[in-house]
There are 2 protein chains.
Amino acid sequence: MTDASRERAVGRRRPRQSDIARVAGVSQAAVSLILRGTPSGMALARETRQRVLDAAEELGYVPDPVATRLASARNAMLGLYTFSTTFPTDVAHSYYPVLAGVEEEAAAQGQDLILFTGSARAAARAQDPAAVRRVRVADGCLFFGRHVPEEPIRRLVEDGFPFVYIGRRDEPGVPYVGADYVPASAQVVARLVAAGHRKIRYLREHDQAPASADREEGVLKGAREAGLDTRGLVAPTDGADADALLGGWLAEGVTAVVVEQTDTGAALAGLGAAVGRAGLDCPGDLSLAVLGAATGTRGRAPGGGAAFSGFDVPMREMGRDAVRLLLELIAGSPGAATRRLLPCEPVEGGTIAAPRPPKKHT
Amino acid sequence: MTDASRERAVGRRRPRQSDIARVAGVSQAAVSLILRGTPSGMALARETRQRVLDAAEELGYVPDPVATRLASARNAMLGLYTFSTTFPTDVAHSYYPVLAGVEEEAAAQGQDLILFTGSARAAARAQDPAAVRRVRVADGCLFFGRHVPEEPIRRLVEDGFPFVYIGRRDEPGVPYVGADYVPASAQVVARLVAAGHRKIRYLREHDQAPASADREEGVLKGAREAGLDTRGLVAPTDGADADALLGGWLAEGVTAVVVEQTDTGAALAGLGAAVGRAGLDCPGDLSLAVLGAATGTRGRAPGGGAAFSGFDVPMREMGRDAVRLLLELIAGSPGAATRRLLPCEPVEGGTIAAPRPPKKHT
DNA sequence: CTGAAAGCGCTTACAG
DNA sequence: CTGAAAGCGCTTACAG
């Protein structure tokens, strides 16, 4: 068989190890050993190795990740499963920087990413274990999203499949990388108090997620530490009732509002609009603070060009660190804790000022 | 061996078809047939099938996706190779909707996406053929990006690897899904002419990409068809010299400017700023048209709140169609043409008006 | 130092 | 109608 006819015989089909073996005149197993650079592979005759390497190059060989994985080795592929579309229609979607961080670190670590298209449909009937189960084609998987099917995840835990949540989770034993909202939120309240505010309100969305629970906990903690009255402090909203809420608060003498910023941005958008309609100046008439905008995607205060005061969520870093943790889990050697909370950077911003009328400082 | 001890022997390990086979007293292959509900599976004795189904249920069997994919010779994984980071830092990056379309269609077709991260960067700084070759782990691959290494791609063509470009390409034989810029651009000129403009300029970026070439071709075509003088019509810019260009044009009596919108948005941004600095009203003093903003991410005209007149690039649809075409290629049965141009939807917008002073219409 | 064999968990022809 | 066999493309012991 000539080289030419041999190549033709291989045809359109992807080259595999046995093709290389035939060309190089060695066994298929030897090809595997040599290509992977294992000790036993390196021990083979230098000239043999070169022949194999050349043949692989010439044929354009690339290992089949599925076969590799089945034969129980590593893929160098990390899964990314978002419980919603990965590329949301809303371009400014708040969790985007997380994905950028994931991609960045994966690239740095030489890992490719498999996007498990959580077919909007699958999310709806998300209890379908098969949908989640296919993440096994990767060495490990990152999960991301507020609404998470519990049952399929539990199975993954049982099977010992390595995965990491992006965002804190309540379920015991589940590794995650989240943001440390409690102290960050408490500190925002402390700043308001330091500026002279005593009548504060916290506007949060109607949403049950660990991130929301943590922010509220932090706000309450901050209020208590400052000796503030926490009755009526927390006000859930969907954004539509902002005018009424704002009106009531002004009448009560509220001078500062803390707002939760989440995916939808509904609470902040609603309040911002209400402030505008009421013709209020921020921070002149009312101080505002926002809990958790993504770094670099912060909004602007109503009317002014000032950035919101509050803190940033280290989304990019969360993505990066989640990749690192996942890789540690895959290697079987989690270096540090497997449940991590990253600090949120305070943002000075320009929406906090002393309350009007200015209180005389003692 | 009792049933109990057998079950214990199976232990923590996930149940597989051979376990079911043992319990139900049939062959492993029969289990596969029955579980998959194939014709041959359905043909088996009703009672036998029930026994297998029961055993599967009892053991909590779920098929291993890795093995399934290996055996069925399809990975159900499509590559997505972007010649830059997939998740760009700039959230408003213009090609984002394409990715959304890709994800959407992939999900609908039950395909997962492999993001080639590390390799992308390596390819960029090395023209490293090995980097691009890695895409062969997928069943096929989508390529996307302006700056594309040619050599590795040629290699893929030779090997018969299925792939599709998103965006028109000049290389013969390369399948693509692009936008039909020529007629869309010509039509924009026609609209300007219909509004009474005779002195028009086309501002394009310094960039050699098929998309840019097509737009220019369309503008020239439109101008010729309207009997306009095409000398001096086209002006390349990097955005920095906008003031000078604008000044010159006004002196010449130019009443309308067509601008190319690309990734960077430099041309449009530069001109918009210049118009603002000159204190001009748009479209009162100058009509503007933009060639190719992504649907839903259009900018706003300087000063006013009006959307730019021009056309939309059907980015989302390009992404979707590229997935469809790729799947056809993988199946070996391209239904329609393998080089497709999708129509661009005209955008009425609010930046085209009759030139001032109004010309008397004959 | 080298090669042949078994196995990962499935699917799919192909004999009885 | 049913079952045993081969094969998907790899890895990893294990003989020579």
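All chains are named by letter (A, B, ...) in the order of the sequence lines, taking the proteins before the strands, and each is independently numbered beginning at 1. Source: prediction; values computed, not measured.
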Practice prompt. Only counting residues at least two apart or in another chain, list the ones meeting salt bridge (Lys or Arg N to Asp or Glu O under 4.0 Å) with A:Arg168.
Written response: A:Asp170, A:Asp214
Worksheet, complete the sentence: Each nucleotide of nucleotides 3-9 of chain D classed B (base within 4.0 Å of a protein heavy atom), S (only sugar-phosphate) or -, in 5' to 3' order, makes SBB-BBB
Worksheet item: Please, what dot-bracket string fits DNA chain D when only Watson-Crick and G-U pairs with both distances under 3.5 Å count, crossing ones use [ ] and pairs to another strand use |?
Response: |||.||||||||.|||
Worksheet entry | With sequence neighbours excluded, residues passing side-chain contact (heavy atoms from CB on, under 4.5 Å) with B:Ala55 | B:Ile20, B:Val23, B:Ala24
Worksheet item: What residues, two or more places apart in sequence or in another chain, satisfy side-chain contact (heavy atoms from CB on, under 4.5 Å) together with A:Ala29?
Response: A:Ser27
Worksheet item: With sequence neighbours excluded, what pairs up with A:Glu47 under the salt bridge (Lys or Arg N to Asp or Glu O under 4.0 Å) test?
Response: A:Arg51
Worksheet entry | Euclidean distance, atom CE of residue A:Met77 to atom P of D:dC10 [Å, nearest integer] | 12 Å
Discussion item. Tell me every residue that passes salt bridge (Lys or Arg N to Asp or Glu O under 4.0 Å) with A:Arg49, counting only those two or more places apart in sequence or in another chain.
Written reply: none
Discussion item. Any side-chain N or O of B:Arg36 below 4.0 angstrom from OP1/OP2 of C:dT11?
Written reply: yes
Worksheet item: Which residues pass the salt bridge (Lys or Arg N to Asp or Glu O under 4.0 Å) test with B:Arg324, sequence neighbours left out?
Response: B:Glu105, B:Glu317, B:Asp321
Item to complete: Over 60° means perpendicular and under 30° means parallel, so classify the ring planes of A:Phe143 and A:Tyr81, tilted if in between.
Response: tilted
Worksheet item: To the nearest angstrom, how far is B:Ile34 atom CD1 from D:dC1 atom P?
Response: 14 Å
Discussion item. If you compare every side-chain N and O of A:Ser32 against the phosphate oxygens of D:dC10 (OP1, OP2), does one of them come in below 4.0 Å?
Written reply: no
Worksheet item: What pairs with B:Ala322 under side-chain contact (heavy atoms from CB on, under 4.5 Å), at least two apart in sequence or on another chain?
Response: B:Leu142, B:Val164, B:Ile166, B:Val177
